Visitor: 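Before we start, here is the structure in question, set down as structure tokens.
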2 protein chains.
Amino acid sequence: MASVTKRGPYAKTAARQREILDAAGEVFATHGYRAGSLKEIADRVGIDSSTILHHFANKSVLLQKVLEDRDTRSLGDAAPDAAAGAADIPAAFLRLARANERIPGIVVLYTLLAAESATPEHPSNEYFFLRYARVRAEFTAAFREMADAGLLRPGVEPEFAALSTLALWDGLQVQWMHDSDAIDIVGTLRGQLELLTTVELDEEETG
Amino acid sequence: MASVTKRGPYAKTAARQREILDAAGEVFATHGYRAGSLKEIADRVGIDSSTILHHFANKSVLLQKVLEDRDTRSLGDAAPDAAAGAADIPAAFLRLARANERIPGIVVLYTLLAAESATPEHPSNEYFFLRYARVRAEFTAAFREMADAGLLRPGVEPEFAALSTLALWDGLQVQWMHDSDAIDIVGTLRGQLELLTTVELDEEETG
DNA sequence: GTCTATAGCCGGATAGAC
DNA sequence: GTCTATCCGGCTATAGAC
């Protein structure tokens with residue numbers, strides 16, 4: 001029986017799709033979805049734009065695959081793992097923010113698309129609607145755990161802590177894109193977490 | 001000597017430009033700058049797209065005029081007037097947020113363009129760079145006045161209060177555009193101001 | 001001041017050779 | 001799997017009649 005899984009061609013296809021997804025992520029992060037062209041993506045990979053449409057049915061599908069791909073590979077939208085204990089949650093948030101700083105492309109991609117996709121016809125409109133709902137729920141669960149451990153400041157509700165942290169983060173990223181020298185994302189998030197919780201946050205460890 | 005200032009035609013031109021600016025603001029708020037077309041703007045006014053270019057040199061100029069126009073007519077980016085006293089500043093922030101809720105078009109326009117214009121080639125890139133710097137300075141001055149009056153919570157710096165309030169506001173607007181039912185902009189801002197200051201904020205008055 | 005007509009470009013997408 | 005060639009559409013912008 002002939003082997004059905006020929007490694008050669010399949011591996012080549014997979015590698016090409018990897019290249020296309022990476023290039024598309026960069027282009028969409030730079031120009032957004034609508035203004036980002038298949039030709040610019042193709043040029044980065046060194047292929048013709050029609051070849052992209054051989055691998056992905058159309059531009060909209062390509063964007064969806066980029067987002068799925070980033071979701072799978074990045075930690076950017078996961079709430080801090082609570083396994084280490086409620087007291088470590090704020091530090092985990094800050095580690096996440098520091099990790100994102102090292103891969104600014106993903107941050108810019110999400111920040112740009114989050115705004116662009118606010119209109120119903122945008123191909124990632126539903127994606128961001130669901131994503132925000134999910135992340136809010138994850139953040140709320142994390143802060144609720146802290147509340148149960150008595151680590152939130154009096155009067156601070158987990159829902160407020162979650163929403164304010166997430167929205168502050170997004171807003172900081174927008175300003176950071178315009179003036180990265182003027183905005184200290186990690187430092188400002190630390191300040192917010194110190195306001196929300198009673199946990200001591202060492203700048204050496206977390207910033 | 002014949003009158004140089006003929007009121008009729010000039011008034012007509014001014015009125016037409018008003019219509020174009022208003023329609024352009026709506027279209028740019030819905031689709032952003034790049035994806036918003038002159039044709040869609042023209043259709044809303046009931047004229048041909050070439051007529052727009054008779055009144056405004058090109059599309060980029062039109063966007064700049066829209067932003068200048070909104071700056072002039074809206075209160076949306078002005079820091080709360082401190083004349084009433086430092087203790088009234090938080091309430092003034094919330095009044096501003098409530099006023100913005102009644103004209104969502106402007107909020108959406110600015111939120112969308114702020115993200116889209118992050119790339120250097122965008123026609124409103126410099127506008128938003130300067131705008132953010134100015135608003136940060138205005139907010140900082142307002143919170144510094146509160147600090148001088150002893151109205152900030154211990155450990156809260158005016159710069160942090162300003163940046164966190166502004167960034168939180170922007171981030172809330174992004175999520176509000178995706179899910180207006182889930183996001184309470186005024187209520188969340190009130191929570192933040194209660195965290196930053198020692199001023200009592202009555203929900204009846206402010207929200 | 002507004003229109004029609006059109007230029008000129010670039011976008012996404014398809015067909016078919018290799 | 002990748003390319004060339006091409007279609008079709010929408011876009012900004014210009015030219016010129018009225």
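Quick caveat: nothing in here was measured; it's all calculated off a predicted structure. When reading the values below, keep in mind they use all heavy atoms of this one structure, side chains included, and skip hydrogens, waters and symmetry mates.
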Visitor: Hey, is the side chain of B:Arg16 poking within less than 4.0 Å of OP1 or OP2 on C:dT2, counting only N and O atoms?
Guide: yes
Visitor: Taking the six-membered ring of B:Phe56, is the NZ or CZ of B:Lys65 close enough (under 6.0 Å from the centre) and on axis enough (within 45°)?
Guide: no
Visitor: Please work out whether the ring planes of B:Phe93 and B:Trp169 are parallel, tilted or perpendicular, with thresholds of 30° and 60°.
Guide: perpendicular
Visitor: Could you check how far CG of B:Asn58 sits from P of D:dT14, rounded to whole Å?
Guide: 8 Å
Visitor: Atom CG of A:Asp43 and atom P of C:dG11: how far apart are they, to the nearest Å?
Guide: 10 Å
Visitor: Does B:Glu101 reach the side chain of B:Val107, with side-chain heavy atoms less than 4.5 Å apart?
Guide: no
Visitor: When all nucleic acid strands are considered with a 4.0 Å heavy-atom cut-off, which category describes B:Leu38: base, sugar-phosphate, or nothing?
Guide: sugar-phosphate
Visitor: Within less than 4.0 Å of OP1 or OP2 of C:dT2, is there a side-chain N or O belonging to B:His55?
Guide: yes
Visitor: Under the rule for side-chain contact (heavy atoms from CB on, under 4.5 Å), what residues qualify as partners of A:Ala182, not counting sequence neighbours?
Guide: A:Asp179, B:Arg136
Visitor: Contact class for B:Ser50 vs. all strands (heavy atom < 4.0 Å): base, sugar-phosphate, or nothing?
Guide: base
Visitor: Which nucleotide, C:dC3, C:dG12, D:dT12, lies nearest any side-chain atom of B:Ile47?
Guide: C:dC3
Visitor: Rounded to whole angstrom units, what separation is found between the CZ atom of A:Phe56 and the P atom of D:dT2?
Guide: 11 Å
Visitor: Nearest whole Å is fine: how far is D:dT4 P from A:Lys39 NZ?
Guide: 11 Å
Visitor: Could you tell me how far apart A:Lys59 (NZ) and C:dC10 (P) are, to the nearest whole angstrom?
Guide: 15 Å
Visitor: Report yes if at least one side-chain N or O of A:His54 is closer than 4.0 Å to OP1 or OP2 of D:dG1; otherwise report no.
Guide: yes
Visitor: In terms of side-chain geometry, is the basic nitrogen of A:Asp43 or A:Lys39 positioned less than 4.0 Å from the acidic oxygen of its partner?
Guide: yes
Visitor: If I take atom CD1 in residue B:Ile41 and atom C1' in nucleotide D:dC11, what distance separates them, rounded to the nearest angstrom?
Guide: 12 Å
Visitor: Rounding to a whole Å, what distance do you find between B:Arg34:CZ and D:dT12:C1'?
Guide: 15 Å
Visitor: D:dG1, OP1 or OP2 - any side-chain N/O from A:Thr51 closer than 4.0 Å?
Guide: no
Visitor: Take the protein atom CG of A:Asp48 and the nucleotide atom P of C:dA15, then report the distance between them rounded to whole Å.
Guide: 16 Å
